[in-house]
Protein chains: 2
Amino acid sequence: MAATIRDIKNMTGLSLATISKYLNGGNLLPENREKIEEAIRMLHYEVNEMARGLVTSQSKTIGVVVFDISNVFTGTVLQYLGEYLREEGYAAMICDSQNDPVLEEQNVRFLLGKKVDGMIVMPVAQDPGFLEPVLRNHIPVVLMDRPLKDSRLDCVKVNNREAAYDAVKLLADHGHRRIALISSDTVITGQERLEGCLQLLKDRKIRIPRSYMKVGDHSIGHGYRSMQELLKLKERPTAVFLGNFEIILGAVMALNESPYQCPEDLSLIGFDDLIISNLSKPKLVLVVQPLRKMAEEAVRLLLKRIDQNRNGTDKEDGQYEHEILVLPAKIAEGKSIARCG
Amino acid sequence: MAATIRDIKNMTGLSLATISKYLNGGNLLPENREKIEEAIRMLHYEVNEMARGLVTSQSKTIGVVVFDISNVFTGTVLQYLGEYLREEGYAAMICDSQNDPVLEEQNVRFLLGKKVDGMIVMPVAQDPGFLEPVLRNHIPVVLMDRPLKDSRLDCVKVNNREAAYDAVKLLADHGHRRIALISSDTVITGQERLEGCLQLLKDRKIRIPRSYMKVGDHSIGHGYRSMQELLKLKERPTAVFLGNFEIILGAVMALNESPYQCPEDLSLIGFDDLIISNLSKPKLVLVVQPLRKMAEEAVRLLLKRIDQNRNGTDKEDGQYEHEILVLPAKIAEGKSIARCG
DNA sequence: TTTCATGGGTGAAACGTTTCGCTCTATGTA
DNA sequence: TACATAGAGCGAAACGTTTCACCCATGAAA
C-alpha cells in the first residue's frame, strides 16, 4: 500500500542505489535531486524504518525502562531524556515496569528484540541479572537514579547519603532532637538516604526511640500510616524527615487530617523536587534533585558508549571502565521548619 | 553477532520454515521442538523484530503521542494504556510533544516510519491536519481527551461541559453568587468546561463582572497570577472554579501565600483527578475523570479498528462510522466549599 | 488395492532498504 | 595527446524473518 523506494525508481528512472544515496544525504545532480523530491511528494513516500534497521542493524532508538511511569519524578525525567535524545537524532521507546521485576525483565527483552541502540534504565530489581541479555549483546546501558552492583554498568545518580545527612543536619541545627524518619529501605536510594540520616544522628549524638524510625516501602500508604502513628505517640517528635515523594504525599495527607500544624507542632523536610510540593501549606523545605542535569548526563554517557562500541573501542572482554556519576542534590528553601526549644 | 534463525537451522538440521513455524506456535514433532528449544537456549536466540516486521508489515506496537509527558494526568493515562495494551500483546511507543505542534507532527511521522499498527493521540494541535499522513496510510487512530474536527477520527473523552456545569452548580447550591472562573480556552477541553460554567451562570441568572473571568492558557502561571488578581479585588469572589490541574496548582500556591483561608474566605472546586490534590489543605472538591476507563476504552476501540482493517471491513473509501465515546466525570467530595450567606 | 486426507516438513521468494564494487563521463594535469 | 582523478550513477547481494506452494509418509475410507 505505502510507497517504496521502488516506486520512486519507476517514477524517476533512477536506480535504487541513487535514491538511497539521496535519502542518506549523498551528492546528486541537482536535476535528479529535483526529480526524487518531486516523486517523494507525489507518492507521500516515507522511509520504512524496519527495512532500514534490518540492514543497518541500528534503529536510532533508545529504550527507556522506568520503574513507574505514573509518578511525577519519572515523568519529568522522561521529558528531559526525550528532549536530549531528540537533539541527538534519537527517539525514545519507553517501557513501564510498574514496579514489577518480572515486567521489567520482559521490557528489557522486548526492547532487545526491537534492536534499540542503547538503554536507559531506572530499575526495579536490586539484582542486575535481568540486564544480562543486554550486556551479552553488547548493547550499552546507563542506569539512572538507582545503581546496581555490577561493575559493567554505568550510572547517573544523586548523592543521596550526603543530601539526607544535610537535611537532618538542618533539623538538628534548628534545635530539634526528637527527630523521626519516614523512609524506605526497599530501594537503594531509600537505603542510602536512611544511612545519611542515621550518620548525622550518630555524629550529633542524637538518640531516637525505635518508634521514630518508620522504615517501609516508598508508598503513599506507608507515609500516611507512619505519620498517623507518629502523631499518636505520647512523646511526639518535633521534626520529621520524609524520604521521598510518595512518602511526603502520604505524610502530609495524614498531617492535614490531624489537628496539628506545620511547622508550629511539627517541622518537616522532604526529599524530592517536584513542583507539586508547592501545594502544601506551608511550603515544604525540600531536597531537590537536578533532574535535568541527570537526564543530560545519562544521554551524554550513553551516546558515548554507543560511539565507543561502533568504533570498536569496546574492549574485547567488554570491560571498559564504567562510570558512576554522582550529582549533588540541593536543599531548597521553604517554611516547614521551625526553631525548637 | 546475535544469533539468527539460520544458526538454529545449522544446529538442528531443520529448515528455516520449520523453525519459523515453531516461533509462531505451529505444530511440530515433540522431538524437533526439543531440539529447537535447546538451540535457542544455547545460542541465546531472540527474534529480530525488524526482520519480522518487515515481512509481516506489522509491529505489534502502538504509537502513543502525548501533549506533555511530565504531567501527572498524562503519566497516569500512560500507565493504564500500557497495562491494557500489554494485556493484548501490544507494546507502546511513547512520544512527547512538549505542547509543541511542530514536534507533534514530527512524532507522528516518526511513528509512521516505525510502522506502528495504530496510534493513540492526545493532541496539541487544534487542526487535524497533522494526522493526514496517518489516515492516508490507513493506520487507525484514536484520540484521547481532546477531540478534533475530523469525521474520520475516533475519540474517547469526558463530558467536560456537563461536569463543569455541575461543578458550578454545586457552588451556586451552596449560596455562592460571586463566582470566579479561572480556566483556559487554548485547548478544547478548557473551552468546553468554560461553556459549561457559563451555561449554569446563565440558567441561574448569575451575573459576574469581567474581572471574575480569568481565561488564559492551562498553566501554573496563569492559575497563580489569576488567583493573585482575584484576591486583590475590592469585591472579592466567594468561590472559584479552577479549570484544570495546572491552574489548581498555581491558584492554590497563590492562595497559600495570601492571608486568606479556604474555605472560610474562599470556596474552591477544581477539575482533574489527581491524587496529588490531597496534599492541599483542606482537601479539594474535585471533578474527577475516569482515567482508567478512558484508557481501557481507547485501547478497545483502537484494537477494534485494527481488526477491522485486517479483515478488510475497512470501507473502500476509508469512511467507517467514527465513534466519539463520552464518559462521565464525577464530583469527588472534599472540604473546600463553604456555605455562603 | 486404490484413493484421499492429514500432519510434518521443505525450498525459495518476498519484504524495503543499504552498501559494495563497478562503470561511465567529464575535468584537470603532465 | 594521453592519462589519472573525481563525481555521479548503477546492479546485485545482503539483512533475518515469514509464507507460499509443494512434497512425502502414514493411515483411514472406499
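Atom set for the values below is all heavy atoms of this structure, side chains included, hydrogens, waters and symmetry mates excluded. Numbered from 1 within each chain, the chains take letters A, B, ... in sequence-line order.
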Categorize A:Thr56 for me: base, sugar-phosphate, or nothing, with a 4.0 angstrom heavy-atom threshold over every strand shown.
sugar-phosphate
Base, sugar-phosphate, or nothing: which does A:Thr4 touch, judged by heavy atoms less than 4.0 Å apart?
sugar-phosphate
Rounded to whole angstrom units, what separation is found between the NZ atom of B:Lys21 and the C1' atom of C:dG8?
5 Å
Residue whose closest nucleotide on DNA chain C lies nearer the 5' end, A:Arg6 versus B:Ile19:
B:Ile19
Figure out the CG/C1' separation between B:Asn24 and C:dG8, and round it to whole Å.
16 Å
Check whether NZ of the Lys or CZ of the Arg A:Arg109 lies under 6.0 Å from the centre of the six-membered ring of A:Phe130 and within 45 degrees of that ring's axis.
no
Minimum-distance nucleotide (side-chain atoms of A:Ala17 versus D:dC10, C:dG16, D:dT18):
D:dC10
Let's see if you can work this out: which of C:dT19, C:dG11, C:dG16 has an atom nearest to the side-chain heavy atoms of A:Ser20?
C:dT19
Given atom CG of A:Leu16 and atom C1' of C:dC22, what is their separation to the nearest angstrom?
16 Å
Where the side chain of A:Ile5 is concerned, which of C:dT17, D:dG16, C:dA12 is the nearest nucleotide?
C:dT17
With heavy-atom distances below 4.5 Å as the criterion, would you say the side chains of B:Asn309 and B:Pro140 are in contact?
yes
For a quick test of reading the model: is some side-chain N or O of B:Asn27 closer than 4.0 Å to OP1 or OP2 of C:dG8?
yes
Using whole Å, report how far NZ of B:Lys9 lies from C1' of D:dG16.
13 Å
At less than 4.0 Å, is any side-chain N or O atom of B:Thr18 found next to OP1 or OP2 of C:dT10? Yes or no.
yes
A:Thr189/A:Lys157 under side-chain hydrogen bond (donor to acceptor under 3.5 Å, both in side chains): CA gap, chis, key distance, verdict:
CA-CA 9 Å; A:Thr189 49; A:Lys157 54 165 297 214; over 6 Å; no
Length of the CD-P vector between A:Glu31 and D:dA8, whole Å:
12 Å
For B:Arg33 and C:dG7, what is the distance between atoms CZ and C1' respectively, to the nearest whole Å?
14 Å
Within the structure shown, what part of the strands sits under 4.0 Å from A:Leu29 by heavy-atom distance: base, sugar-phosphate, or nothing?
sugar-phosphate
Compare the minimum distances between each of D:dG16, D:dT18, C:dT17 and the side chain of A:Tyr45, then state the nucleotide with the smallest one.
C:dT17
So, do B:Ile8 and B:Ile40 sit near enough that their side-chain heavy atoms are less than 4.5 Å apart?
yes
Taken to the nearest whole Å, CD/B:Gln58 to C1'/C:dG16 is 17 Å
Are A:Asn48 and C:dT17 close enough that a side-chain N or O sits under 4.0 Å from OP1 or OP2?
no
Do B:Arg146's NZ or CZ and the ring of B:Phe67 fall within the cation-pi criteria of under 6.0 Å and 45°?
yes
Name the nucleic acid region contacted by B:Tyr22, choosing base, sugar-phosphate or nothing; use a 4.0 angstrom heavy-atom cut-off, strictly under.
nothing
Nearest-Å distance, CG (B:Asp7) to P (D:dG16)?
9 Å
